[in-house]
Amino acid sequence: MTTPLHDLTLAEASARLRDGSVSSEDLTEAALARIAATDETWHSFITVSADEARATARAIDAQRQSGAAAGVLAGIPIAVKDVIATAGIRTTAASKLLEDFVPPYDATVTTRLKNAGAVIIGKANCDEFAMGSSNENSAYGPTRNPWDPTRVPGGSSGGSATAIAGRQAYGSLGTDTGGSIRLPAAYCGVVGMKPTYGRVSRYGVIAYASSLDQVGPFGRTVEDCARMLGVIAGHDPRDSTSVDRPVPDYHAALGGDAAGLRIGVPKEYFIDGMQPAVEGAVRAALDTLGGLGATTSDVSLPHTSYAVACYYILATAEASSNLGRYDGIRYGARQAADDGLASLYRNTRALGFGPEVKRRIMLGTYALSAGYYDAYYLKAQKVRTLIRQDFDRVFADVDVLATPVAPTTAFRLAEKTSDPLAMYLVDVFTNPASLAGLPAIVVPCGRDEAGMPIGLQLIGPPFGEELVLRAAHAFEQATSWHRERPPEPAGAAA
Ligand code: GLN
């Protein structure tokens, strides 16, 4: 039986485009058909940009036929998280407040995708303003986990992960502030990568917590992620925090094996109460890497247990400041002023923001308020430095760190929605690398007793993308977890 087009990896689809056996139009129609057949169940997309995608596909096909040089992603359908600006395509941040917001410009990552020839197939569902760990905070309804639609896909980039696991797109972009690429990658059994802070431009990415936000790729394989990272990475004068440093050939990094890699295993990442299957799969992954010639050693990151508290003070503080711009004047759906200007702001924000976003604005405003600033915000900044120093110390002795991504596999919808603290604690293994600004990749490494995917997180030193890609690729090549696919939803053609 021949592989259905939607089942090709990004690299395979590119090869087929190059040898002329498929066109971008074929791939785009396959992706659109797949979305039409499955998205009622999974709800990975807030907006499907079918017309724009078809027009781009036709243009790329014509360009290829004329013999013009094709970009790395030429003709490939890609999904983009709905917090990333796409000129002319509605960008909602999964918020009611931005329901009708059509950006007049592209984010730099969108421009880079377009310059590489990508076909933007749609805007992926996510938690409102990227705030959440389950994708249940979307004003457009939750995304569901393709492996079990009664479970969450993880958040906040749940739609970007589901689109890959469910074969609705060949690659996707997400954002990761405290784990929002890595958690959904783990929960959905795909590869996801958060680059070093500063590696990828944030220009045109709807800001949540600016000192933490990074854009990164999702793919079915490490190679697919490496290709996308090479496209989106690089200096951007429009983002003052983007770093002016050459972009290596990430694809070339995949050639290396795991022999001689020094892998640190932080003991603080194996905690009481974690699901035994998760610990088991991660330990088995370490054995696999050991068998490939890597050395593993126990290390300690003593401030790990402060990371969640530190993150949720800093992220909410920054969010409360960033979200001040949504006042109903400059952006988004404006509500009527029934009692002067202040009521316009009040009504707009009261109706436009969902409950979690309001909670974050209130928490952050409190942490920044006079009298509490030193006790919360300033203290959290100091703790952030300690967490970073923990990593600096261990990276003197090891090349990468290997850890679980979360204490359990994907939980059920509504299981944690009434307990915000329980939801925040899901981030315990992803917040630390975010606070330290480090690159981290997630690769599938097993499944639990219910068949839900388990991910392995590999964290590198600053700008150590090549190291984590190399380690992840070596692991992936030695295992077959990335080849497993979720069951077809009822009614969808295989
Ligand atoms: N779950 C974390 C939060 O809600 C991370 C979100 C993210 O990385 N965007 O803040």
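Both counts, for ligands and for their atoms, begin at 1 and track the order of listing.
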Next item on the list: Give the protein residues with at least one non-hydrogen atom closer than 4.0 Å to an atom of ligand 1, ordered by chain and number.
Entry: Ala130, Met131, Gly132, Ser133, Ser156, Asp176, Thr177, Gly178, Gly179, Ser180, Tyr208, Tyr311, Tyr312, Arg360, Asp427
Notebook entry, point to check: In Å and rounded to the nearest 0.5 Å, what is the NZ to CD1 distance from Lys123 to Ile89?
Noted result: 6.5 Å
Check: Does CD in Gln389 sit with more than 12 non-hydrogen atoms of other residues, nucleotides or ligands closer than 6.0 Å?
Finding: yes
Check: Between Lys416 and Phe411, is NZ or CZ placed under 6.0 angstrom from the six-membered ring centre and within 45° of the ring axis?
Finding: yes
Item checked: Salt bridge Arg151-Asp148, side-chain N to carboxylate O under 4.0 Å -> yes
Note to self: Under the side-chain contact (heavy atoms from CB on, under 4.5 Å) test against Thr162, which residue among Phe218, Tyr187, Trp147, Trp42 passes?
What the structure shows: Trp42
Note to self: Check for me whether Arg359 meets the cation-pi criterion with Tyr366, that is, NZ or CZ under 6.0 Å from the six-membered ring centre and within 45 degrees of the ring axis.
What the structure shows: no
